[in-house]
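Here is the structure we will look at, set down as structure tokens.
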Amino acid sequence: MNLYPAIDLKDGNCVRLLRGEMDAATVFNDNPGAQAQQFVQDGCEWVHIVDLNGAFEGKPANADAVMQIVTAVDGKAQTQLGGGIRTFETIQYWLDAGISRVILGTIALRDPDFVIEACKRFPGQVAVGIDARDGYVAVEGWAEVSDMKVLDLALKFEDAGVAAIIFTDISKDGAMEGPNLQATVELAKAISTPVILSGGVSSMADIEAIKAAEVPGLDGAISGRAIYDGKLNVADAMKVLKG
């Protein structure tokens, strides 16, 4: 399993939101490149990036900050990026810029065929982000909740070649209350696509529980606020997940 330390970008800064609320943003670092470099030094193989402004605006909005991160990791770690990626041109732009794989969120609900075609055009470089509120898919930067259940959306991409599904329980995100491991495990067991847990990972106990779940389809976990708050040591978490 992998630990995916998160860098959420708002107005060029590294921030964390509480339950997806843009007005509840806390700035943790005004140098995204330096933050990414620290994660690499801690032994991370991936850096998870979210363009928060882009998610709300439906187009890339933090390109300079993203490029700082890509330059900082300099091939020592891979990067995955989500937020406002809704055209083939945008996917191509980010992959050409050095992003390892893109995460499609809102467009996955709006136009599943787009995701399937993207996987054909960019094999191994497309992940799907499924964000849930009470079991239903939320989109547009979590501002809107659909009537689509998480599993129903995930099943649309079973044979598409999606690199991973990143499952976020919004109620847990940034709340430091632990993840929704049960729902994530159930999703991982129900589909063949690897699943990455997101939202609420806040302690080594959470990391140990994720490892102990021993679900073949569970690829790892994303954590942000706990790392910035000093409650989760990246190097120690990596050792547990890789052990």
Side-chain angles (χ1 to χ4, degrees), residues 2 4 6-12 20 22 32 36 45-75 77-132 137-146 148 150-168 187 191-196 198 219 222:
N2 273 302
Y4 295 78
I7 298 180
D8 290 0
L9 298 171
K10 179 175 183 273
D11 305 330
M22 282 288 266
E45 298 173 7
W46 282 89
V47 176
H48 174 78
I49 312 164
V50 180
D51 179 353
L52 291 171
N53 301 98
F56 280 89
E57 296 171 20
K59 59 185 180 183
N62 279 287
D64 288 347
V66 172
M67 289 314 301
Q68 288 178 37
I69 295 168
V70 171
T71 301
V73 302
D74 191 28
Q78 298 189 78
T79 50
Q80 60 182 23
L81 169 70
I85 303 173
R86 301 180 191 178
T87 67
F88 294 122
E89 291 76 16
T90 304
I91 295 173
Q92 189 70 66
Y93 169 80
W94 285 126
L95 295 178
D96 287 346
I99 291 294
S100 307
R101 69 184 177 204
V102 297
I103 303 163
L104 304 180
T106 294
I107 192 71
L109 177 73
R110 300 274 190 254
D111 187 0
D113 289 341
F114 176 89
V115 175
I116 293 167
E117 178 61 26
C119 289
K120 290 178 184 175
R121 295 193 192 189
F122 311 102
Q125 295 181 291
V126 176
V128 169
I130 300 182
D131 305 328
V137 179
V139 292
E140 305 292 352
W142 300 351
E144 178 185 330
V145 180
S146 73
M148 173 78 71
V150 169
L151 180 57
D152 291 340
L153 181 57
L155 287 171
K156 290 179 182 289
F157 310 117
E158 266 294 75
D159 301 315
V162 171
I165 285 179
I166 296 157
F167 173 62
T168 305
L187 180 63
I191 62 177
S192 60
T193 308
V195 174
I196 300 170
S198 174
D219 177 72
I222 293 167

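All residue numbers in this chain count up from 1 along the given sequence. Model, not experiment: these values are computed from the prediction.
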Find the distance between CD1 (I49) and CG (L81) and round it off to the nearest 0.5 Å.
5.5 Å
Stepwise side chain to side chain contact (heavy atoms under 4.5 Å, CB included) test for V128 and K156
CA-CA 11 Å; V128 169; K156 290 179 182 289; over 6 Å; no
Just by distance, do the side chain of T79 and the backbone of V47 share a donor-acceptor pair under 3.5 Å?
no
Rounded to the nearest 0.5 Å, what's the gap from CD1 on I191 to CG on L151? Could you check?
7.5 Å
Test your reading of the model: is there a side-chain donor-acceptor pair from S198 to the backbone of I166, 3.5 Å cut-off?
no
On a heavy-atom basis, the closest approach of R101 and A163 is NH1-CB, 3.9 Å
Atom pairs and distances, side-chain donor-acceptor, residues 114-122, under 3.5 Å, sequence neighbours left out:
from	atom 1	to	atom 2	distance (Å)
E117	OE2	R121	NE	3.2

Closest heavy-atom pair and its distance - L153, A108:
CD1-O, 3.5 Å
Where P112 and L109 come nearest, the two heavy atoms and their spacing
CD-O, 3.8 Å
What's the shortest heavy-atom distance between W46 and S100, and which atoms?
CZ3-CB, 4.0 Å
For S192, what residues pass the side-chain hydrogen bond (donor to acceptor under 3.5 Å, both in side chains) criterion, not counting sequence neighbours?
E158
For a side chain to side chain contact (heavy atoms under 4.5 Å, CB included) check, start with the C-alpha distance between I103 and H48, then their side-chain angles and the critical distance, and finish with the verdict.
CA-CA 10 Å; I103 303 163; H48 174 78; 3.5 Å; yes
D152 atom CG, over 12 foreign heavy atoms within 6.0 Å
yes
Going by heavy atoms in the side chains, are L104 and I91 under 4.5 Å from each other?
yes
Where do A6 and I222 come nearest, in terms of heavy atoms and distance?
CB-CG2, 3.8 Å
Sequence neighbours excluded, which residues qualify as side-chain contact (heavy atoms from CB on, under 4.5 Å) partners of T90?
P60, I85, T87, W94
Exercise answer: donor-acceptor pairs, residues 61-70 side-chain atoms, under 3.5 Å, sequence neighbours excluded:
from	atom 1	to	atom 2	distance (Å)
N62	OD1	G12	N	2.8
N62	ND2	L9	O	3.4
N62	ND2	D51	OD1	2.8
N62	ND2	N53	OD1	2.8

Under the ring pair (Phe, Tyr, Trp, His ring centres under 6.0 Å) rule, collect the residues that match up with F167, sequence neighbours excluded.
none
Hey, which of L187, D219, I165 is the one that makes side chain to side chain contact (heavy atoms under 4.5 Å, CB included) with T193?
I165
Residues forming a side-chain hydrogen bond (donor to acceptor under 3.5 Å, both in side chains) with E57, sequence neighbours excluded:
none
